[in-house]
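The block underneath contains the structure these notes are about, expressed in structure tokens.
So that the names make sense, note that chain A is the first sequence line, chain B the second, and so on, each numbered from 1.
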Protein chains: 2
Amino acid sequence: MPRKRVTLADVARRAGLSTTAASMILNGRPDTRLSKEAHERVHAAAAELGYRPNVAARGLRTAKTLTIGFVSDTVTTTRFAGGLIKGALEAAEEARHVVLLAETGGESEREAEAIAALLDRQVDGIVFATVRARELFVPALPEGVPAVMLNATSSRFPATVLPDEEPGGRAAVRLLVDAGHSEGIALIGQSDTAERDVFRSRTIARRVAGIRGEMADKGLGFVAEESIWMWEPQHGYDAVLDLLRRRTDVRALLCMNDRLAFGAYQAAAELGLRVPDDLSVVSFDDDEVAAYLRPGLTTIGLPHEAMGRRAVELLLGREPAGEELVPMPVVERASIGPPRGR
Amino acid sequence: MPRKRVTLADVARRAGLSTTAASMILNGRPDTRLSKEAHERVHAAAAELGYRPNVAARGLRTAKTLTIGFVSDTVTTTRFAGGLIKGALEAAEEARHVVLLAETGGESEREAEAIAALLDRQVDGIVFATVRARELFVPALPEGVPAVMLNATSSRFPATVLPDEEPGGRAAVRLLVDAGHSEGIALIGQSDTAERDVFRSRTIARRVAGIRGEMADKGLGFVAEESIWMWEPQHGYDAVLDLLRRRTDVRALLCMNDRLAFGAYQAAAELGLRVPDDLSVVSFDDDEVAAYLRPGLTTIGLPHEAMGRRAVELLLGREPAGEELVPMPVVERASIGPPRGR
DNA sequence: TGTCGGCGCTAAAACCTTTTAGCACGACGG
DNA sequence: CCGTCGTGCTAAAAGGTTTTAGCGCCGACA
């Protein structure tokens, strides 16, 4: 490796031209009238010396750093944020951008710190992501710095990328109906009567609306609705175990997420019920565990990677901002079967 | 938000001093002999204007950007990298640094691209991480740019952070022995006879050495060793199901990772065996699923977060480089019990 | 009497790039 | 012969910071 980084001046010197000329040629400015051979000499010199422009110096002049900031509340819990980040990273890479990562842990003080740190580095834009879709209060940014919300919303920034939950909810119901279920379907994790007027999140509300809408369209109703606050396996286990002991007419479970479904599997096993023979299960997220379960869990996936990608495309593109809904994929595995007596 | 960013010149002007003076005062240079009141005026002006130094411009002069690069092969598979990144992020934040993330997917071409992109942004150092600990071929970096390997090794860079696998392996064995197991212990995922001379990774080799060392010290041997290539639930399930059908004297499973243990749980359930009454299980990683299983899986954790943190501390500190081993925590849950007949 | 160092500060260079303004020169139209 | 235009290129400024070199004055010291 060279001792010193080679600079534009080095290239220009070697080509026998001014740095201005070298700059213009390397940046392919259209209106210039430098000679053919000047072009050749500069390109040759740059190649021979292995010249790479200093992005920091360029940024100083142009106020563009080819760098975007990604601030999320949590990067680690589950691998949710991982998918968002991966998609963002890929889209950024394609646009020859690079991403600065910052984590806030949900604390607004750290968030302010993080934003300032990013701004100090002259980022070209910022995407704000949350792991559980929610309204985020984001301080104003200096003008000229665009922002897009990822799996979150903000009154300040209209550009938003969210999963398209309503059709997702409908799809889940349809999977059960198409398999022949019409009675004995229980909803796990959400109960309108128990949670009336409680705010979970905008996206969850839409998911529920989709589910109820599709049930209504088919003229169906749930045989039971279990309200669960924390959507973790333990609570899914408790609630489903209780439910299945109380009622013997439950044939299918519509779980609000995969971790609840995970607990439901455990409860079913406890009672000697087989999935999907005795009990069909469908849920949401396409979490890592969904593939590990046996039989594999059929689920409506959260399209994290696509969302992350879309967010930076929106940030970098000059499209008018708005709410963008990314379709949720149906991931069919083996947890749904035809209804059977028990 | 202000229309234009306030610059050092603005502060100096308002304080009635030169930018030089303002710079010296704000940076707290020790040898300077500017007056007390000059200090006050400058600090007051900076505070009133909300001045923040332009890190890019400063970096141009000082060749320090308070930015470090984090290049990993995969950011998303499992949430492994997530822990590494989180630790790194926290340590960086404490040192007022910020991290530039790049992903290579393991392809050396993308890696070279990523490194160049980071270097173009004048990062102060780079940490190279892999998800599965392995030797990484890293191209030379320009001098003055330090690097540390995280969960990976490189012949070029001696600074390395790895989990301390040998004691980890010993601890796993000790957990079983302390619970009273001496016979009927099976090793799942690794078989020396089947995999002689096969290279998995440096860390896995040490884990195995620890396991065998401790077994030998206690005068014990495995009742069976199942070689498994892909450490995924499906394969754990297949191997353990087969094993438990073949032999009825297996009382404890030492699994090479939590996903294999997950499969083992499923196999045990299939055969009507209860964990830990009929079968004790211990494994490695403290993966997310370990807490979801019932009973909770006792496991030797991979200290990802501490490793990530240590890596940037090493990168930023001026300590002499070497191999640093981070202790693996014993995470006791409920999957180990006293041996019992079957 | 000459020199030296301390004082409190500043002008200018340096970092690397892009952008603006313009130079010298020849050709060409009127 | 004068003005204009096109050609191929460069000097210099700009962007925001840090660093180096030094200025003008005064008191102390040899």
Side-chain angles (χ1 to χ4, degrees), chain A residues 2-42 45-46 49-67 119-124 142 144, chain B residues 2-42 45-46 49-67 119-124 142 144:
Chain A
R3 187 162 279 273
K4 265 318 249 166
R5 210 184 152 94
V6 14
T7 141
L8 181 62
D10 297 333
V11 174
R13 191 160 30 246
R14 174 176 261 246
L17 288 173
S18 68
T19 61
T20 306
S23 170
M24 286 172 152
I25 288 175
L26 289 178
N27 292 325
R29 282 235 278 168
D31 58 336
T32 190
R33 23 175 228 249
L34 290 157
S35 67
K36 204 85 187 152
E37 56 188 358
H39 277 79
E40 283 161 14
R41 286 214 307 280
V42 167
L49 297 176
Y51 171 71
R52 299 202 46 125
N54 180 325
V55 180
R58 167 185 293 169
L60 196 55
R61 186 76 246 265
T62 59
K64 286 279 160 239
T65 52
L66 300 184
T67 302
L119 256 23
D120 288 350
R121 270 109 183 149
Q122 315 277 96
V123 292
D124 293 345
Chain B
R3 188 162 277 273
K4 268 313 255 166
R5 211 183 150 96
V6 14
T7 142
L8 181 61
D10 297 332
V11 174
R13 189 161 31 247
R14 173 176 262 245
L17 289 173
S18 69
T19 61
T20 307
S23 170
M24 286 171 154
I25 287 174
L26 289 178
N27 293 323
R29 282 236 277 168
D31 59 337
T32 190
R33 24 176 228 249
L34 290 157
S35 66
K36 203 86 188 151
E37 59 187 357
H39 276 80
E40 284 161 13
R41 286 213 307 279
V42 167
L49 297 177
Y51 170 70
R52 298 203 48 124
N54 180 324
V55 180
R58 168 186 290 168
L60 196 56
R61 186 76 247 263
T62 60
K64 285 280 159 239
T65 51
L66 300 183
T67 303
L119 256 23
D120 288 350
R121 270 99 179 159
Q122 315 277 96
V123 292
D124 294 345

- Query: With the sugar-phosphate defined as primed atoms, P, OP1 and OP2, and the base as all remaining atoms, what B/S/- string results for nucleotides 9-16 of chain D, 5' to 3', for protein heavy atoms under 4.0 Å?
  - Reply: BBBB-BBB

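- A heavy-atom distance below 4.5 Å is found between the side chains of A:L8 and A:L26.
- As rounded to whole Å, 17 Å separates atom P of C:dT17 from atom CD of A:Q122.
- In this structure, A:L26 places its CG atom 10 Å from P of C:dT17, rounding to the nearest Å.
- At whole-Å resolution of the value, NZ in A:K64 and C1' in C:dT17 are 16 Å apart.
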Donor-acceptor pairs under 3.5 Å, side chain of residues 49-58 of chain B to any protein atom, not counting sequence neighbours: which ones?
from	atom 1	to	atom 2	distance (Å)
B:R52	NE	A:D120	OD1	3.1
B:R52	NE	A:D120	OD2	3.1
B:R52	NH2	A:D120	OD2	2.5
B:N54	OD1	B:A56	N	2.9
B:N54	OD1	B:A57	N	3.0

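- In terms of heavy-atom proximity, A:L34 sits nearest to A:A21 at CD1-O, 3.9 Å.
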- Query: In dot-bracket notation, what is the pairing pattern of DNA chain C, taking Watson-Crick (N1-N3 plus N6-O4 or O6-N4) and G-U wobble (N1-O2 and O6-N3) contacts under 3.5 Å, with [ ] crossing and | for other strands?
  - Reply: ||||||||||||||||||||||||||||||

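- Residues B:A9 and B:T19 approach most closely at CA-CG2, 3.7 Å, considering heavy atoms.
- With sequence neighbours left out, the salt bridge (charged side-chain N to carboxylate O under 4.0 Å, His left out) criterion links B:R13 to B:D10.
- Distance CD1 (B:I25) to P (C:dG8): 12 Å, rounded to an integer number of Å.
- Rounded to the nearest 0.5 Å, atoms OG (A:S35) and CZ (A:R41) are 6.5 Å apart.
- Under the 4.5 Å side-chain criterion, counting only non-hydrogen atoms from C-beta, A:R121 is in contact with B:T67.
- Annotation: side-chain hydrogen bond (donor to acceptor under 3.5 Å, both in side chains) contacts of A:T65 (sequence neighbours excluded): A:D124.
- The side chain of A:T62 places no N or O atom within less than 4.0 Å of a non-bridging phosphate oxygen (OP1 or OP2) of C:dT18.
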